Number of protein chains: 2
Amino acid sequence: MPALARAPAQVQAAEEPGKAEATRQSILEAAARIFRRDGYSAARLTDIAAEIGMKAGSLYYHFGSREALVEAVMEVGTRRTHQAVLDALAALPAGAGALARLETAIERHLIMVLAQEDIASATIKLIWQAPAPVREKVLAEQRAYGALWRGLLEGARAAGAIRPDLDLSVTRMAIMGALNWSADWYRPGRLTPEEIAHDVAAMVIGGLAPRP
Amino acid sequence: MPALARAPAQVQAAEEPGKAEATRQSILEAAARIFRRDGYSAARLTDIAAEIGMKAGSLYYHFGSREALVEAVMEVGTRRTHQAVLDALAALPAGAGALARLETAIERHLIMVLAQEDIASATIKLIWQAPAPVREKVLAEQRAYGALWRGLLEGARAAGAIRPDLDLSVTRMAIMGALNWSADWYRPGRLTPEEIAHDVAAMVIGGLAPRP
DNA sequence: GTCTATACGCTGATAGAC
DNA sequence: GTCTATCAGCGTATAGAC
């Protein structure tokens, strides 16, 4: 079979960013910025388009609807946060203990949310604002991420680092709450994302530990 | 000055619930239910009115606008939660320590959010969904509530119950996040609000404690 | 006080020129 | 690919009957 001189346009676009793909990306970024700033209901397609010097109608060449757009934003946000935490865990030394892994995950997740990552923090903010169908899809995708956390907590419990009277589901949700709420209240300034991440991680880890 | 046989209608309405006042109350409750279920943008005045067998237009006899309605819901929610926590604190024995006070506040706040209190949990859910002007007003009202928590944390720190390296503002927001996020994920069933409140309180208190 | 009927504005979405 | 119309739908809000 002779090699094709050039892959079909569609495939090419999927592989290396052609113009359409690049535009799609900047639309996603712009949408994340506006959605994050205004919330789901107040964000208008006009504002999003204007953010990158386009007109609202043009967005429809790249996305089928407003809902498809939010969904895409949240899908990327979910995947990106998941991947960042996985990477951080992979970067740990081989012998890292369960607590070190949990601590790493907490800090990395929080930094994704705080460090100007519009897509990550917009995603968190939008989860409970988006229309139910979108929310369901995203939550389904987040199950894998949730499973990662469940594993981390079970590992910590097996290592004796979690007091036996705590329910692990409640624990997990309380942790996610402490982390995700920061997407709303955080304003750059007094403390760095790293400082905040450290404090929260310290609190959580300490809170899980069995009473001496 | 001879006593009036009957107070003017307006004053009467403000003092003891006349019909208008009673209706106003049930509108607030209905609105909280719908807003909590659907979120700010998806909740329609038609749905709210229908919830209590009214027509959308009739709501305008009681509230000037959709925004005025959400604002009223959130105002009541804020006040009611604040008051519930104050009451719980007041019910403690006189000699209760700083940690016991903090623990009580955590549990009471969480129970307000979880125990089918539509107005309290709708308020939390709406804070970051409502239009900016409404949010600003509500946040302003919540400053007093925030001050209560700041006092609780400072008291705990003075009592030596909080490790010195934790920033109290970050701590406070992390706690509120862990508590408030529950308004979104909690579904009645497996665990009671009390059980959840206990777990979260235990985690938080433990997390603040100085490392031995 | 609540209804019905309607006006109004706004925004998501489409069609076709370029 | 992006623009310029333009439409359609919906939900808030108003006016007036009852």
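Nothing here was measured: the structure is a model prediction, and the numbers come from that model. Labels below follow one simple rule: chain letters A, B, ... track the order of the sequence lines, proteins then strands, and each chain is numbered from 1. Reckoned from all heavy atoms, side chains included, excluding hydrogens, waters and symmetry mates.
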Ignoring backbone atoms, test whether A:Thr23 places a side-chain nitrogen or oxygen under 4.0 Å from the OP1 or OP2 oxygen of D:dT2.
yes
Using a cut-off of less than 4.0 Å, is there contact between a side-chain N or O of B:Ser58 and OP1 or OP2 of C:dC3?
yes
Length of the line joining [X]:[atom1] and [N]:[atom2], which is rounded to integer Å:
X: B:Arg66; N: D:dA13; atom1: CZ; atom2: P; answer: 8 Å
X: A:Lys55; N: D:dT4; atom1: NZ; atom2: P; answer: 5 Å
X: B:Ile48; N: D:dT12; atom1: CD1; atom2: C1'; answer: 12 Å
X: B:Leu59; N: C:dG1; atom1: CG; atom2: C1'; answer: 12 Å
X: B:Ile52; N: C:dT2; atom1: CD1; atom2: P; answer: 8 Å
X: B:Leu69; N: D:dG11; atom1: CG; atom2: P; answer: 16 Å
X: A:Ile27; N: D:dG1; atom1: CD1; atom2: C1'; answer: 10 Å
X: A:Phe35; N: C:dG12; atom1: CZ; atom2: P; answer: 9 Å

Residue [X], side-chain heavy atoms: nucleotide from [options] that is nearest:
X: B:Tyr61; options: C:dG1, C:dT4, D:dG11; answer: C:dG1
X: B:Arg44; options: D:dT12, C:dG12, D:dT4; answer: D:dT12
X: B:Tyr60; options: D:dG11, D:dA13, D:dG1; answer: D:dA13
X: A:Leu45; options: C:dT2, C:dA13, D:dG1; answer: C:dA13
X: A:Met54; options: C:dT2, D:dC3, C:dC3; answer: D:dC3
X: A:His62; options: D:dT12, C:dT4, D:dT2; answer: D:dT2

Is A:Arg24 close to A:Glu21 at the side-chain level, that is, under 4.5 Å between some pair of heavy atoms?
yes
Side chains of B:Leu86 and B:His82, heavy atoms from C-beta outward: is any pair under 4.5 Å?
yes
Under 4.0 Å between a side-chain nitrogen and a carboxylate oxygen: does that hold for A:Glu75 and A:Arg79?
yes
Would you check if the side chain of A:Thr81 reaches a backbone N or O of A:Thr78 as a donor-acceptor pair within less than 3.5 Å?
no
Dot-bracket, DNA chain D: Watson-Crick or G-U, under 3.5 angstrom, [ ] crossing, | other strand?
||||||||||||||||||
Distance in Å, A:Arg33 CZ paired with A:Leu28 CG, rounded so as to fall on 0.5 Å steps:
11.0 Å
When rounded to the nearest 0.5 angstrom, what distance separates CH2 in A:Trp185 from CG in B:Asn180?
13.0 Å
In a table with atom names and distances, give each donor-acceptor pair under 3.5 Å that connects a side chain of residues 146-155 of chain B to protein atoms at least two apart or in another chain.
unit_1   : atom_1 : unit_2   : atom_2 : d
B:Trp149 : NE1    : B:Tyr145 : OH     : 3.2

